Amino acid sequence: MRNVEIAKLFYEMADILEMKGVDWKPAAYRRAARSLEALSEDVEILAKENRLHDIPGIGEGLAAKINEYIKTGKMKEHDELLRSIPKDIVLLMQIPGMGPKKAKFLFQKLGIHSVGQLQKAAEQHKLAKLAGFGTKTEENILRGIRIFKTGHERMLLGRAYPLAMYIVKELQKKKEVGKISIAGSMRRMSQTVGDIDILITSQKPEPIMDTFTTLPEVQTVLAKGHTKSTVILTAGIQADVRVISEKSFGAAMQYFTGGKDHNISLRNIAIKKGYKLSEYGLFNKKTDVFVAGKTEEEVYNKLGLQYVEPEMRENKGEIELAAKGKLPKLVRQDDIKGDLHMHTTYSDGENSVREMVSTAVRLGYEYIAITDHSATQRIARGLEEERLRKLWKEIDKVQDEFPAIRIFKGSEVDIKADGSMDYSENILKELDIVVGSIHFGLKRDNTERTLRALTNKYVTIIGHPTGKRYGIRDPYTLDLSRIYCAARDAGKVLEIDGQPERTDLSDVNVHEAVKAGVHLVIDTDAHSVEQLRNYMRYGVGTARRGWATAADIINTLPLKKFEKVIRR
DNA sequence: GCCGTTTTCGGCCCGACTGTTTTCAGTCG
């Protein structure tokens with residue numbers, strides 16, 4: 001998969017073209033780059049099959065560039081553009097508050113072509129003297145450099161979500177707040193988010209903005225207005241609050257939830273139907289008369305579309321399906337009847353069997369599986385046979401105490417280097433649920449190893465199938481299309497691990513697996529009651545982003561049916 | 001550079017906030 005690699009080239013080219021003052025091309029290159037990133041198919045395969053034109057935003061010119069790059073490892077225009085300007089100058093545009101115009105102007109006037117030079121010039125107050133610049137701009141640039149240097153990377157959804165909930169809770173205390181909701185990539189349950197977007201309805205926004213911009217977690221106020229305020233939180237992420245009128249709330253939710261390309265498509269549909277769509281509503285283009293906007297459903301319906309769930313709004317074919325009324329009915333968190341991957345103090349978990357079970361009961365689950373690590377996982381205090389049997393006795397005891405829930409005896413069993421399992425057949429056959437997982441040997445191709453595990457009749461689930469951990473390691477090499485086929489044919493289940501830095505399978509993987517007809521399970525892989533409560537949300541979000549329905553997910557089955565499936 | 005039930009040429013989402021400016025350009029989302 002070189003999709004992301006090629007997308008990066010296009011982003012770079014867009015930045016340089018923008019600095020050069022070229023019209024429209026930058027937007028076209030960026031659109032193509034976003035399409036490539038969101039693509040679930042391998043761009044090299046599409047190129048081989050001459051289907052690059054199927055990718056939205058890719059036409060004659062860009063297809064030729066992709067082909068050139070795949071064949072030769074080079075892209076002539078990219079090389080030429082890089083040569084045409086000093087190397088680091090595009091970095092200047094990534095500083096908040098700096099855009100192509102300022103970067104170009106400062107390069108021409110002062111010869112600034114690196115972040116260091118820019119900082120020096122601002123500190124020596126050389127910028128404020130320039131036409132169109134002032135002391136405020138100078139301060140803003142210095143602040144932008146600080147933000148740029150400390151972490152301009154995106155934040156994991158699982159870290160940002162609790163922060164967003166905290167802000168919502170604090171603002172809800174204000175009597176001026178009507179409706180309040182999260183929007184943006186967080187509402188789309190993207191694995192990482194660039195900022196936190198919160199929408200509010202109110203007649204009297206000033207006191208809300210006062211409270212928001214003075215929360216103790218706020219480090220810097222970037223903007224404060226009647227309808228929009230922006231802050232940087234001490235946690236290192238930006239948060240925006242927007243205040244909207246009641247009648248525009250749905251249109252604003254739609255607008256600020258995005259994604260970008262989904263919205264652009266929607267706007268084009270609006271224009272074709274004689275409307276104009278903005279965050280204030282859907283309007284008749286000629287008369288400016290308000291047509292819809294109170295709810296998102298209303299906006300979609302007026303455009304001749306089914307309501308599209310936020311997690312699907314990535315312009316990956318959902319609009320075409322919505323026009324035909326054929327959107328899939330996505331799995332929901334309250335469809336989930338049990339959690340089949342969790343750890344206790346017997347291995348590397350923080351809570352006892354009893355604590356995990358009582359939490360699961362409160363969550364309303366019908367069943368769970370306790371799946372501590374197998375013997376090889378010494379670091380995680382993996383269980384050898386004697387301690388495993390001791391755990392089973394404890395499970396039996398807790399089971400008697402909580403008859404409302406079925407507790408399965410499970411294990412997260414290591415898949416060894418040769419694809420065999422870390423427990424003997426005698427132990428495996430006594431387990432209700434076996435989650436087979438790879439925890440070492442992550443640098444090699446693990447296709448055959450996983451395929452062999454899939455042939456083991458005692459393996460129920462393959463845990464975190466690609467080994468990816470965001471910001472820690474890439475997925476190991478794996479021919480997933482073979483894994484999907486083998487899992488489907490053997491009646492095995494692939495896991496969507498809800499740990500925020502994993503979400504493994506990923507949204508893109510889930511989409512492929514669902515198309516391939518593989519059964520999936522959504523687990524928390526919880527190492528504490530806290531995670532048991534909170535991580536299912538991220539697993540379900542990932543499943544929904546991959547267009548999974550309840551029928552694709554085995555832990556939506558009620559206990560009786562579920563038992564039948566795993567026994568088979 | 002892409003794209004087409006207005007168009008194969010001429011459009012390309014749209015509005016808020018800021019700063020520096022007396023009316024608007026730049027940036028952001």
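Please read all numbers here as calculations on a predicted model, not as lab measurements.
When both distances must be under 3.5 Å, the Watson-Crick or G-U wobble mate of B/dG26 is B/dC17.
The side chain of A/Tyr280 sits closest to B/dA16 out of B/dC17, B/dA16, B/dC14.
Annotation: side chain of A/Thr211 is in contact with side chain of A/Lys174 (closest heavy-atom distance under 4.5 Å). Between A/Ile145 and A/Val115, the closest side-chain pair of non-hydrogen atoms falls below 4.5 Å.
In terms of phosphate contacts, A/Ser278 brings no side-chain nitrogen or oxygen within less than 4.0 Å of OP1 or OP2 of B/dC13.
Atom NZ of A/Lys76 has 12 or fewer heavy atoms from other residues, nucleotides or ligands within 6.0 Å.
Taking a cutoff of 4.0 Å between a charged side-chain nitrogen and a carboxylate oxygen, A/Glu311 and A/Arg545 do not qualify as a salt bridge. Remark: A/Arg30 engages A/Asp15 in a salt bridge, criterion side-chain N to carboxylate O under 4.0 Å. A salt bridge does not link A/Glu77 to A/Arg83: none of the charged nitrogens lies less than 4.0 Å from a carboxylate oxygen. A salt bridge does not link A/Lys468 to A/Glu501: none of the charged side-chain nitrogens sits closer than 4.0 Å to a carboxylate oxygen. For the pair A/Arg313 and A/Glu318, the salt-bridge criterion is not met [side-chain N within less than 4.0 Å of a carboxylate O].
Considering only residues two or more places apart in sequence or on other chains, A/Arg188 meets the salt bridge (charged side-chain N to carboxylate O under 4.0 Å, His left out) condition with A/Glu314. In this view, A/Asp23 satisfies the salt bridge (charged side-chain N to carboxylate O under 4.0 Å, His left out) rule with no residue, not counting sequence neighbours. A/Asp210 is linked by a salt bridge (charged side-chain N to carboxylate O under 4.0 Å, His left out) to A/Lys224, counting only residues two or more places apart in sequence or in another chain.
Here, B/dG15 and B/dC9 have their P atoms 30 Å apart, quoted to the whole Å. Straight-line distance between the P atoms of B/dT6 and B/dC2: roughly 23 Å, to the nearest whole Å. Rounded to the nearest Å, the gap between the P atom of B/dA16 and that of B/dT21 is 24 Å. B/dT20 and B/dA25 have their C1' atoms separated by 10 Å, given to the nearest Å. Separation of the P atoms belonging to B/dG1 and B/dT7 is 25 Å when rounded to the nearest angstrom. Rounded to the nearest Å, the gap between the P atom of B/dC13 and that of B/dC3 is 13 Å.
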Taking distance alone, no hydrogens or angles, what donor-acceptor pairs closer than 3.5 Å link side-chain atoms of residues 533-540 of chain A to residues at least two apart or in another chain?
unit_1	atom_1	unit_2	atom_2	d
A/Arg533	NH2	A/Glu530	OE1	3.3
A/Asn534	ND2	A/Glu530	O	3.1
A/Asn534	ND2	A/Glu530	OE2	3.4

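Pairs engaging residues 86-131 of chain A under the ring-ring contact (aromatic ring centres under 6.0 Å, His included) rule: A/Phe105-A/Phe133 [sequence neighbours left out]. Counting only residues at least two apart or in different chains, ring-ring contact (aromatic ring centres under 6.0 Å, His included) contacts with residues 6-45 of chain A comprise A/Phe10-A/Tyr29. Within the structure, side-chain hydrogen bond (donor to acceptor under 3.5 Å, both in side chains) contacts touching residues 66-75 of chain A (residues at least two apart or in different chains) are A/Glu5-A/Tyr69.
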Could you run down the sub-3.5 Å N/O contacts of the protein with nucleotides 26-29 of chain B?
unit_1	atom_1	unit_2	atom_2	d
B/dT27	OP1	A/Gly99	N	2.8
B/dT27	OP1	A/Gly99	O	3.3
B/dT27	OP1	A/Lys102	N	3.0
B/dT27	OP2	A/Lys101	N	3.2
B/dC28	OP1	A/Gly97	N	2.7
B/dG29	OP1	A/Gln238	NE2	3.4
B/dG29	N2	A/Tyr255	OH	2.8

Short heteroatom pairs, N/O only, protein and nucleotides 7-9 of chain B, under 3.5 Å:
none

Provide a list of protein-nucleic acid N or O atom pairs under 3.5 angstrom, restricted to nucleotides 2-6 of chain B.
unit_1	atom_1	unit_2	atom_2	d
B/dC2	OP1	A/Gly59	N	2.6
B/dC2	OP1	A/Gly59	O	3.2
B/dC2	OP1	A/Leu62	N	3.1
B/dC2	OP2	A/Gly61	N	3.2
B/dC3	OP1	A/Gly57	N	3.0

Taking only nitrogen or oxygen atoms into account, show me every contact under 3.5 Å that the protein makes with nucleotides 19-21 of chain B, one pair per line with its distance.
unit_1	atom_1	unit_2	atom_2	d
B/dG19	OP1	A/Asn140	ND2	3.3
B/dG19	O3'	A/Thr137	OG1	2.9
B/dT20	OP1	A/Gly134	N	2.6
B/dT20	OP1	A/Gly134	O	3.1
B/dT20	OP1	A/Thr135	N	3.4
B/dT20	OP1	A/Thr137	N	3.2
B/dT20	OP1	A/Thr137	OG1	2.8

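Separating the CD1 atom of A/Ile264 from the C1' atom of B/dC12 is a distance of 9 Å, rounded to the nearest angstrom. In this structure, the CZ atom of A/Phe283 is 14 Å from the C1' atom of B/dC13, given to the nearest Å. Rounded to a whole Å, the CG atom of A/Asn268 is 10 Å from the C1' atom of B/dG11.
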Check step by step if salt bridge (charged side-chain N to carboxylate O under 4.0 Å, His left out) holds for A/Arg242 and A/Glu279. CA-CA 11 Å; A/Arg242 291 182 169 83; A/Glu279 62 261 53; over 6 Å; no

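Using a 4.0 Å heavy-atom criterion, one finds that A/Lys65 contacts the sugar-phosphate atoms exclusively.
Each of A/Asp240, A/Thr213, A/Thr220 was compared with A/Thr230 under the side chain to side chain donor-acceptor pair (under 3.5 Å) criterion, and only A/Asp240 meets it.
For DNA chain B, none of the residues of residues 114-122 of chain A falls under the heavy-atom distance limit of 4.0 Å.
Between A/Ala223 and A/Glu77, the residue anchored closer to the 5' end of DNA chain B is A/Glu77, taking for each the nucleotide with the nearest heavy atom.
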